[in-house]
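On a predicted model such as this, the values are computed, not experimentally measured, just so you know. Remember, it's 1-based here, ligands and their atoms both numbered in the order they're listed.
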Amino acid sequence: MATFWICILALVTAFVSVDAAIINAPDERLFNVVDYGAKPGDKANNVEAFTRAWGEACNYVGKATVLIPIGEFTLSAATFSGPCKSVAPIAVQLSGTVKASMDLSLYPKESWLLFQDISGLVIFGDGTIDGQGNNTWHTDKCADTNGKCTILPASLVLNQCTNVLVRSITSLNPKGFHISVTECKNVQLEELHILAPESSSNTDGIHISKSDQVSVTRSLIQTGDDCIGIIQGNTHISISEVTCGPGHGISVGSLGKHENERDVVGITVVNCTLKGTDNGIRIKTFPYNGKATPIKATGFLFKDIVMDNVKNPIIIDQDYCDSKKHCFDDKPSNIEISDIEFNNIVGTSQTEPAVSLVCSSAKPCKNVTFDNINLIGVNGAPAVASCSNANVNMEGLQLPPVNC
Ligand SMILES: *[C@@H]1O[C@H](CO)[C@@H](O)[C@H](O)[C@H]1NC(C)=O
Ligand SMILES: *[C@@H]1O[C@H](CO)[C@@H](O)[C@H](O)[C@H]1NC(C)=O
Ligand SMILES: *[C@@H]1O[C@H](CO)[C@@H](O)[C@H](O)[C@H]1NC(C)=O
């Protein structure tokens, strides 16, 4: 009998403490875009419903999740701004598809879905962001006689955000870049599917600028332009277990175009595979144009990378030119590249030159290490390496040997 009462007492105590825990936990609330008037289908523009749902979630003092349920929701350009009052991180659960319209006039800026000024953000789910870019890729982007080129909107843009996780979503056929990260700190991009045809132009998979501590991992990126583009002002970027291709490969730069560019310091690319891409690993800088800041690109490690039928597996090009307008002077680049290691890079090259180093005669590449390189032609033919203006160290296997 005594045991019985002790059990009852124990149960009551347990209930009381569970209750207390519920009271202490922050209130969780779901903000379903459908409850704010979002309607699936091609016709409606759901931007108002989406931004209202975001606004209430962001102002909610508790744990907030914006839900985009299963269904296809069409959306014009939308801005989701912080700072938020909700308990960080605010979450966006993407279960359905968010679709852009084919009408370019609805996208006047450089972004479609812009998240900005948010500290603590999680975007997750099995859903898709469909940029419907297929009718924009063929437009002449530099038709303007002033040489100004139209920048088509990137599908997902993170601007001035900190502590962000983007996980498992799919990005399909953007008009411009798939994902752009700019002026952010501590961003994790995981298990993403980034898809567009090889023929799509300017559809960078992930474009990173002026950010610190950005990681991309366990992702598949098949697109028409750079798989991952790391441009000026980035520090501590790490890429691992990413499969790229088709596309233009993993690229640092272009650097050396503008005034006020900042150094690029600390990039690691580990355990990645490049399949049928134009380039494997590329570092590119413009020739000096009379105004570019003399920045440094330093501390890069490229390790355990498989090249599968890649046109230019390893390439440093300090004489890069994407258009005549940018490279009129063609003086040697003033960007200093140093402390670069290529370690265990193996596989096949589609062209004979597998390694090409074209460094600047004004600022030769310093301390470039090749450790265990095994690259051959697709048909087993030997590949070749070329090198100018670089100070190179070699360890382990060297195929092809780099003679500077
Ligand atoms: C783009 O894709 C849509 C939907 O798949 C299709 O209806 C349209 O014809 C395509 N446009 C072009 C130019 O390929
Ligand atoms: C790379 O792969 C190796 C072997 O599978 C593993 O031990 C290592 O942790 C991986 N590193 C990263 C950063 O993915
Ligand atoms: C050369 O670069 C490596 C990193 O790739 C670095 O660990 C090493 O200290 C550098 N050596 C010199 C002499 O700067």
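Interface of Asp339 with ligand 3, defined as ligand atoms under 4.0 Å from a residue heavy atom, comprises 1 (C), 2 (O), 5 (O), 10 (C), 14 (O). Within ligand 3, the atoms closer than 4.0 Å to a non-hydrogen atom of Glu341 are 5 (O), numbered from 1 in the order shown.
Put simply, atom 9 (O) of ligand 3 has no protein non-hydrogen atoms near it, under 4.0 Å away. When distances from atom 14 (O) of ligand 3 to the protein are checked, a heavy atom turns up under 4.0 Å. Protein non-hydrogen atoms do not reach within 4.0 Å of atom 5 (O) of ligand 2.
Between Phe31 and Tyr60, the distance separating the two ring centers is shorter than 6.0 angstrom.
Residue-to-ligand polar distances place Asn367 within reach of ligand 3: an N/O pair is separated by less than 3.5 Å.
Residue, atom and distance of the protein heavy atom nearest to atom 2 (O) of ligand 2 are Asn271 ND2, 2.2 Å.
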**Request:** Please lay out, stage by stage, how Cys365 and Cys359 fare under the test disulfide bond (SG atoms under 2.5 Å apart).
**Result:** CA-CA 6 Å; Cys365 295; Cys359 293; 1.9 Å; yes

**Request:** Could you go through the side-chain contact (heavy atoms from CB on, under 4.5 Å) check for Ile206 and His178 one step at a time?
**Result:** CA-CA 6 Å; Ile206 298 170; His178 288 262; over 6 Å; no

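The distance from atom OG1 of Thr136 to atom CG of Asp103, rounded to the nearest 0.5 Å, is 12.0 Å. Rounding to the nearest 0.5 Å places CE of Met307 at 10.0 Å from CG of Asn312.
With no hydrogens or angles considered, no side-chain donor-acceptor pair links Thr243 and Thr273 at under 3.5 Å.
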